J.: 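One structure is given below, represented as structure tokens, and several questions about it will come after.
Keep in mind it's a predicted model, so treat the numbers as computed, not measured. Every chain is numbered from 1, with letters handed out A, B, ... down the list of sequences.
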Number of protein chains: 2
Amino acid sequence: MPSTDTAKTSPDTAKAESRRELNKAATRRAIADAALVLLRSRGAGGFTVEDIAAEAGVSRRTFFNYFTGVDAALASLADRFLDNVLEQFRLRPADEPVLESARVALLELADPMTAAPIAELFSLTNSSQALGRCELEAWEHCTEQIIAAARERLGEGANELALRAMAGSIIACGKAAMGVWFEERGADLSPDSLAVFRQHLVTAVGLLATGFNAPATA
Amino acid sequence: MPSTDTAKTSPDTAKAESRRELNKAATRRAIADAALVLLRSRGAGGFTVEDIAAEAGVSRRTFFNYFTGVDAALASLADRFLDNVLEQFRLRPADEPVLESARVALLELADPMTAAPIAELFSLTNSSQALGRCELEAWEHCTEQIIAAARERLGEGANELALRAMAGSIIACGKAAMGVWFEERGADLSPDSLAVFRQHLVTAVGLLATGFNAPATA
DNA sequence: GCACATATTTACACTAAGTGCATTTTTGCA
DNA sequence: TGCAAAAATGCACTTAGTGTAAATATGTGC
């Protein structure tokens, strides 16, 4: 597998994308994808690490070189898509209020290309109590990354408490919107279902921005 | 062990507190306490389920009759104390705004009797990445219970989305306050350290109530 | 192209987690 | 006291997860 003829000895970007790194990333991805295949075909808890390794074409031991367990492998899938939210956040202008940036970034979640895999993952993992925690971890991971990105934007003087509370609250709104939407529409990914999801996101973050005043009791 | 001479055939309360239930609860508690003893003496990851069972004076198999694993046993300890928050919430007048009730309930966390065990648990579990997720679950559990309590208070017409977003945000503030406090003061439980913690809680929920407006960038 | 150093994968063996099942012990109650 | 139900236990088994050393693949200098 040659290709990537660009750059041989040059430090193309600051971040070294060496061949080994790329290979490792590909292997990691292959394992995670294999886990998803089995999750789809056999359901939560219907397969073992050995099955995943076989599906991915690696040894059982190699699986554990990349992930600490099945949960982590599936969580990496959620991360992959939740990372879109983070990317969107980084793209916002630096002088925009953090809350507004986060609001826009969250709306990215309602994009069909992003929502589809996440919704499927949720529908598949919700059946198992044990796998539900891998979602928890994915949200937590996303929260931490938003905190890091916001801290980077605001500089050293950032108020750590405010940062954490805000990021946590925003993600809580995302969780709430997704949870309610999921209970209402299942894994329905039709445009109008997505529109509902998007509306829930807007509503939830709107409530957050107003300090949950009027509509809480309505 | 007789005692509890009150009520023989009478359904004392709606919730049947039969003798067997009490015994099971005691065993469950004994196992969780044994886990804490070992966590203290050997640190995270320094003991096995078999050790816990031995410490609690039960068989390994019995341990698994009560908990799905070490994580769950430790999470039950966190639950035990986080439940104080919920209890406090329920005690608030029904016509009080939910956010205010939650604020007061959260302050209960800064009570020394409550904070001490939680802070210790956090200090002990923070060392292990794996055990950190048992905290996550405990917070999540607390969130769900607050949602349930608030729904009960607001009646059927409650807005599910607003409820979840608010409860999640409030808990996020609690997590943020505890996290920041913990980074600043470690497991210091002195009165002035507790005061700092309490102040963080007040600040975080205050920010939430104002929609994170002014102080976020300060 | 070749050889070497290094990174990655793999096989193997081992401890511990978690579960099903049959059996024994305990407990509440008449 | 005796009995039926519940809880605890022992045992066997599959799977998770890890350390270690050998084997294989990969990048680099010449």
Side-chain angles (χ1 to χ4, degrees), chain A residues 1-12 16-31 34-35 38 42 44-75 128-131 133-134, chain B residues 1-12 16-31 34-35 38 42 44-75 128-131 133-134:
Chain A
M1 326 70 171
S3 71
T4 57
D5 40 90
T6 59
K8 193 195 303 205
T9 55
S10 76
D12 197 14
E17 286 288 350
S18 82
R19 199 48 179 282
R20 283 199 156 106
E21 296 299 323
L22 291 176
N23 286 344
K24 285 193 73 162
T27 303
R28 189 181 167 84
R29 192 186 184 89
I31 293 173
L38 289 173
R42 303 196 205 170
F47 53 96
T48 71
V49 169
E50 193 148 9
D51 296 329
I52 299 176
E55 175 73 30
V58 298
S59 73
R60 198 180 84 95
R61 192 61 181 82
T62 296
F63 173 93
F64 285 112
N65 284 343
Y66 283 89
F67 296 104
T68 60
V70 179
D71 291 10
L74 293 173
S128 159
Q129 318 85 317
L131 288 188
R133 75 184 58 172
C134 89
Chain B
M1 323 71 174
S3 70
T4 57
D5 40 86
T6 59
K8 191 194 301 200
T9 54
S10 76
D12 196 13
E17 285 289 350
S18 82
R19 198 46 179 281
R20 284 202 155 105
E21 297 299 321
L22 291 175
N23 285 343
K24 285 193 71 162
T27 303
R28 187 182 168 83
R29 193 186 183 90
I31 293 173
L38 290 173
R42 303 197 205 169
F47 53 96
T48 72
V49 168
E50 193 146 7
D51 295 330
I52 300 176
E55 176 74 29
V58 298
S59 73
R60 196 180 84 98
R61 192 62 184 80
T62 296
F63 173 93
F64 285 113
N65 285 341
Y66 283 89
F67 296 104
T68 59
V70 179
D71 291 9
L74 293 173
S128 157
Q129 318 86 316
L131 287 188
R133 74 185 59 172
C134 88

J.: Specify the residues of residues 48-55 of chain A, ordered by number, for which at least one heavy atom lies under 4.0 angstrom from an atom of DNA chain C.
T.: none

J.: Got a sec, which residues hit side-chain contact (heavy atoms from CB on, under 4.5 Å) with Ala72(B), two or more places apart in sequence or on another chain?
T.: Phe67(B), Thr68(B)

J.: Run the side-chain contact (heavy atoms from CB on, under 4.5 Å) test against Ala75(A) and tell me which residues pass, sequence neighbours left out.
T.: Cys134(A)

J.: Could you tell me the separation between the CZ atom of Phe64(B) and the P atom of dC21(C), rounded to a whole number of Å?
T.: 17 Å

J.: Axis-to-axis angle across the helix from dG1(C)-dC30(D) to dA30(C)-dT1(D), five pairs an end, to 10 degrees?
T.: 30°

J.: So what does Asn23(B) hit on the nucleic acid, given a heavy-atom distance under 4.0 Å: a base, only sugar-phosphate, or nothing?
T.: sugar-phosphate

J.: Below 3.5 Å is the cut-off: list the nitrogen or oxygen pairs between protein and nucleotides 11-14 of chain D, distance only.
T.:
none

J.: Rounded to the nearest angstrom, tell me the gap between atom CZ in Phe63(A) and atom C1' in dA11(C).
T.: 18 Å

J.: Between P on dT15(D) and CZ on Phe67(A), what's the gap in Å once rounded to a whole number?
T.: 21 Å

J.: Can you find a side chain N or O atom of Ser59(B) that sits less than 4.0 Å from OP1 or OP2 on dT9(D)?
T.: yes

J.: Would you please confirm or rule out a distance under 4.0 Å between OP1 or OP2 of dT8(C) and any side-chain N or O of Tyr66(A)?
T.: no

J.: Is there a side-chain contact between Lys24(B) and Tyr66(B), using heavy atoms and a 4.5 Å cut-off?
T.: yes

J.: Taking the side chain of Thr27(A) as its heavy atoms from C-beta onward, which of dG17(D), dT9(C), dG18(C) lies nearest to it?
T.: dT9(C)

J.: Each nucleotide in nucleotides 1-6 of chain D should get exactly one letter: B, S or -. Can you fill that in based on protein heavy atoms under 4.0 Å?
T.: ----BS

